[in-house]
Trainee: 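Take this structure first; my questions come after.
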Amino acid sequence: MPDATTLSPEVLAKYEPVIGLEVHVQLLTATKAFCGCANQFGSEPNTNICPACLGLPGSLPVLNRKAVEFAALASMALNCEVRERSIFARKNYFYPDLPKGYQISQFDKPLAEHGWIDVPAADGSTKRLGITRLHMEEDAGKSIHDGLADSAHHTSIDLNRCGTPLAEIVSDPDMRTPDEAWEYLTRLKEILLYCGVSDCNMEEGSLRCDANVSVRLKGAPQFGTKAEVKNLNSFRYVRAALQYEIERQIEVIESGDRVTQETRLWNSAENRTFSMRSKEQAHDYRYFPEPDLPPLVVSAAFLAETKKKLPELPEARRARMIDEYKLTTQDAFTLTATKEEADNYETWARKAKSPHRVANVLLSELGGRLKALDLDLEHSPVSMAGVVLAADLLEENKISSKQLKQLFDVCFEKGEDFAAVYEREKPQQISDASALEAMIDQVIAANPKQVAQFRGGKTTVAGFFVGQVMRASKGQANPALLSQLVTKKLAE
Ligand SMILES: [Zn+2]
């Protein structure tokens, strides 16, 4: 096949991609879905197992109440309707990491349906992406192909993961670009983390993604034939695999062939997908109701109790913070990246005279320096108390922003917190109006052109004079007083 990137923009523009995502999330319960074994990543292989999760004859599954609570919590956070009575089903297939020969899953009566996530669209508006369903199931074990002494000759099996509770979240085929898929996953992960139902650690396999993608001529009434790209373990790979797959399928169609329905895998080293097997049809799994488990009945009381545990979700939190603290959208996104960061900001911002200033100092002054040094907030020389003090001093015009920068420089040079440095250095501030006026007069006399501009109606030139006097005062001029005097003097 020729390189997919040879397609011209005109050809690409004729087609519309259709993307749907299936996300498996491991739930953060202490024990497994249907037995009392520890649900723990990184244990010695085959130590967290029992007859039930190995499917030995005579053992029976018992549903973990906490797993239901987490799945219901995620369902509500994703705006799904939770079904009062859902059914567990056996999904039958043979694979070395599945000793039972089936997974307990849910099929035609899943726990929850009809949800949605709002994502920011490319044009600045919001796009609502549907969620078809959220159902509960159990994870399989893991084949280990390398890293062990005899890996050259054998594949080993670690069954610790068997029976780990999963929520599978299936989106509607609503996404039209790889970027929308990226946004969906980012928002989904954020919501799940805020709810505390999963650690969403992709490196440890706590969150895994399969992508369904097809293309059709723009305006065509029906979807094209889709390919499924399985086991994508980073959002970057999802985006790259979708991009590749879209171009590959367009190329197939343009060359007069048909896209085959199949399962493909992403090869990150070669930056392409390749065929794994032709798609199994759903009936190959021979689903039937799990005979060892009764229907799952979620009472209204249980749901009401669970709903109380729903935190303020990231989207709502951003909207409130923008309104309450007058933050920019970008700043609100940065401050709410995790629930812990958002909690940290709000706890301290509420102690400050201006939460808005706290955001500025935190993101611009502190954030920039920490990023340059590759440090996190925990290892910052300036504490949050220091950030609040700095923001208050700025707000009260006791220091200028230039002085703040100088003080922060000292904090980072000496590894000291802001309060200590401020107490020692106590930067001088010129708040004597006559002294400032004298400096302003000098700058006005030296810049007749700008004075003429100001008097001609270009009042923004005032900022130029403020800057010049601030520089002449070595950053010591009281900024509020200076700005007031400059306007007065220019108007004379
Ligand atoms: Zn077990």
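In listed order, ligands and their atoms are each counted from 1.
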Trainee: Decide whether a cation-pi geometry holds between K91 and Y285; the criteria are a distance under 6.0 Å from NZ or CZ to the six-membered ring centre and an angle within 45° of the ring axis.
Mentor: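 Cation-pi check for K91 and Y285: passes.
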Trainee: If the threshold is 4.0 Å, N to carboxylate O, is there a salt bridge linking K14 and E254?
Mentor: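 Yes, this pair counts.
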Trainee: For atom NZ of K218, decide whether the heavy atoms of other residues, nucleotides or ligands shown that lie under 6.0 angstrom number more than 12.
Mentor: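 Enclosed: over 12 neighbouring heavy atoms sit under 6.0 Å from NZ of K218.
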Trainee: So, E341 and T338: side-chain donor and acceptor under 3.5 Å apart, yes or no?
Mentor: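 On atom types as modelled, these side chains qualify, holding a pair under 3.5 Å.
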Trainee: Considering residues at least two apart in sequence or located in another chain, which fulfil the ring-ring contact (aromatic ring centres under 6.0 Å, His included) criterion with Y325?
Mentor: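 With sequence neighbours excluded, Y325 shows a ring-ring contact (aromatic ring centres under 6.0 Å, His included) to Y345, given in chain and number order.
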Trainee: Taking the Zn ion (ligand 1) as the center, what protein N, O or S atoms are found at less than 2.8 Å?
Mentor: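 Per the 2.8 Å query on the Zn ion (ligand 1), atoms found are C35 SG, C37 SG, C50 SG, C53 SG.
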Trainee: Yes or no on ring-ring contact (aromatic ring centres under 6.0 Å, His included) for Y95 and Y102, after CA distance, side-chain angles and deciding distance?
Mentor: CA-CA 9 Å; Y95 207 74; Y102 61 87; over 10 Å; no
